[in-house]
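Predicted model only: the values in this text are computed from it and were never measured. We use all heavy atoms of the structure for the numbers below, so side chains are in, but hydrogens, waters and symmetry mates are not. Sequence lines set the chain letters: A, B, ... in the order given, protein chains first and strands last, and positions in each chain run from 1.
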Amino acid sequence: MINAAGREIPDEFLHDGVEPFQGIYYRDGYHYQKAAPTVRAYVRPQADKLVDSVKDAVIATGLKDGMTISFHHHLRDGDYVVNMVMKAIHELGIRDLTVCASSLGKAHNYLVTCIQDGTVTGISTSGIRDEIGEVISAGQLKHPAVIRTHGGRARAIEDGTIHIDVAFIGASTSDQYGNASGKGGQSDTGVLSYMGSDVHYADQVVILTDTLVDAPNFPAAIQGIDVDYVVLVTKIGDPNKIATGALRLSKDTRELGIAENAAKCMYHSGLFKDGFTFQTGAGGPSLATTIFLKQYMQQEHIKCRWAMGGVTEPIVNLFHEGYIQNILDDQAFDLAAVGSVLTDTNHYEITASQYANPFNKGAFVNQLDFVILGALEVDVDFNVNVVQGSNGILQGAPGGHPDTAAGAKVTIIVAPLIRSRLATVRTRVTSVTTPGESVDIVVTDYGVAVNPRRQDLLAAFADTDIPLLSIEELRDLAYQYAGEPSPLEFEDQVVALIEYRDGTLIDVVKKPKLQK
Amino acid sequence: MAITTSALAGTLESSDAQVLIEPRAQGVQINLESSVYAQYGAHIEQLAHELVETLGITNATISITDKGALDCTLKARIEAAYYRALGKQQDFDWEVL
């Protein structure tokens with residue numbers, strides 16, 4: 001059937017309570033029973049929880065065919081944990097597993113082997129890109145992958161949509177009882193936010209660390225009372241790839257122009273007041289918005305109460321300069337963010353559920369005034385795609401995009417109108433990640449479009465120098481330069497389900513037809 | 001006009017295209033590889049065929065490696081490759097171009 005975002009969801013996926021997307025607040029007030037894990041009591045005092053190897057840990061958990069395991073991606077491109085655990089599982093011959101990861105990327109390419117030989121038959125993830133994206137797009141995973149937002153993943157675990165049998169958690173430090181943290185050690189990730197729900201809803205929890213410290217390893221993101229086993233490994237990751245070095249602010253005039261207009265929209269929105277809150281993505285124009293934001297804050301003598309997100313150096317700098325009073329951190333993107341969360345008292349680690357879960361009693365996204373986000377594609381209904389490339393291949397991640405867009409009072413998309421000859425603004429996006437209902441402003445290098453739902457913003461911008469155009473005019477401009485794109489061709493096989501944050505299906509991704 | 005030597009124009013940078021033109025016994029063969037093939041492949045092939053007509057190319061293999069170039073860039077690269085293959089450096093028919 002056709003859902004509220006205008007997307008066809010095949011009936012075969014609408015069963016066991018799975019519904020099509022029906023609007024961003026459709027499940028407001030929804031009552032549900034939270035899931036509960038089945039755990040083992042450790043009554044007899046143990047000397048420690050250490051096991052000798054990853055393989056021994058897998059054996060100790062009794063992992064069996066058909067079970068679900070989970071991972072986080074705080075180690076980002078430097079992650080060794082996923083491949084290490086999957087190799088041990090592979091050697092043990094366990095098959096038909098579902099991997100519930102907070103995100104996957106090129107560091108996790110051993111999963112390609114596991115997908116191809118049936119070790120892994122199901123995947124739940126935010127990021128789906130590189131080789132894993134190609135293999136899944138080609139239909140090689142047995143079951144369609146489920147693409148979840150960061151908030152949606154926490155929700156799916158807590159409401160029982162997905163049950164984790166064993167969570168394998170890389171931690172930069174742990175004591176021998178499993179009090180574990182992303183702080184300190186050799187592979188410092190700053191935070192371990194994405195495992196916030198896993199540790200409370202998985203039947204078993206295994207910590208992998210390369211730095212064992214004396215108990216108590218406090219403050220601990222993960223409490224030893226939730227941990228079954230601890231494995232000391234040589235290295236959990238490559239510190240050079242965990243956090244990028246200084247993310248430089250853009251000098252690209254096109255990106256700066258977009259950023260300046262985005263900041264101008266914030267300034268004129270009527271919400272730019274002392275104590276405002278915001279989040280910005282790590283893309284070029286999103287980050288560059290902070291430059292102009294600072295100028296407006298100086299000019300108006302106002303401060304930001306808190307900034308949230310994937311934290312980056314430009315945000316940390318504004319925080320150190322006093323423009324931002326608190327940082328809420330669910331992911332440290334660079335070394336500056338890792339350093340700051342370690343030492344700065346008003347820089348707080350929050351869990352993915354606190355960040356963005358739509359089914360708890362009010363995640364921080366609901367308190368955002370502004371969010372600035374990127375887009376691969378935006379359509380004339382303001383729907384955004386950040387998951388599927390314009391060739392049909394899976395190559396992105398929703399991350400917190402749909403979560404923050406639904407929560408924030410003003411959601412601003414920043415993107416160039418065309419990338420090489422690919423039109424960003426188009427008649428119809430390849431697939432919908434974030435529904436247009438939650439997108440307010442689209443800022444491009446050729447003009448700014450405001451969602452007609454937001455007459456308040458249109459009125460606020462009327463007498464400003466913000467270069468307003470309709471979204472259709474932006475699309476027409478893009479097509480004038482690039483030409484109108486031909487529709488992509490797909491086979492019938494569904495290779496991925498795009499789950500909206502509330503568990504409804506917002507879109508499906510089909511296998512692209514092979515091109516020459 | 002018939003070409004007798006091979007020539008190259010353009011780069012493999014994003015938003016550009018590289019065009020290799022080679023002599024061919026008879027007719028014109030166009031080989032397109034494009035980073036935007038799924039959405040613009042047919043459009044680019046048509047553009048190339050139209051340009052072959054306009055320029056009066058009779059015997060050539062034209063290999064286009066496109067990195068998402070706009071039409072104006074594609075045309076310029078094909079024309080440049082063709083004139084280089086002809087050794088033509090002046091007296092262009094600007095009316096036709």
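Listed by first then second residue, pairs satisfying side chain to side chain donor-acceptor pair (under 3.5 Å) with a partner in residues 125-145 of chain A read A:Q116-A:Q140, not counting sequence neighbours.
By the neighbour-count criterion of 12 heavy atoms within 6.0 Å, atom CD of A:E472 is densely surrounded, having more than that number from other residues, nucleotides or ligands. Within 6.0 Å of CD on A:E8 lie more than 12 heavy atoms contributed by other residues, nucleotides or ligands. The 12-atom threshold is not exceeded at CD of B:Q26, counting heavy atoms of other residues, nucleotides or ligands nearer than 6.0 Å.
Here the straight-line distance linking atom CD of B:Q39 with atom CG of A:L488 works out to 5.0 Å at 0.5 Å rounding. The structure places OH of B:Y37 at 14.0 Å from CG of A:N391, a figure rounded to the nearest 0.5 Å. In this structure, CZ on A:R419 lies 11.0 Å from OG on B:S14, to the nearest 0.5 angstrom.
For the set A:G389, A:P487, A:S390, the entry with the most heavy-atom pairs within less than 4.5 Å of chain B is A:S390.
Using a 4.5 Å cut-off between heavy atoms, B:L47 does not touch chain A at all. Heavy atoms closer than 4.5 Å to chain A are found nowhere in B:A42, neither backbone nor side chain.
Within residues 476-486 of chain A, the residues approaching chain B closer than 4.5 Å by heavy atoms are, in numerical order, A:Y481, A:A482, A:G483, A:E484, A:P485, A:S486.
With a 4.5 Å cut-off on side-chain heavy atoms, A:I418 and B:L70 count as touching. Contact of the B:D71 side chain with the A:R421 side chain is registered, since non-hydrogen atoms from C-beta on lie closer than 4.5 Å.
For A:E255, the side chain to side chain donor-acceptor pair (under 3.5 Å) partners at least two apart in sequence or on another chain are A:S250. Every residue two or more places apart in sequence or in another chain was checked for a salt bridge (charged side-chain N to carboxylate O under 4.0 Å, His left out) with A:K510, and none qualifies.
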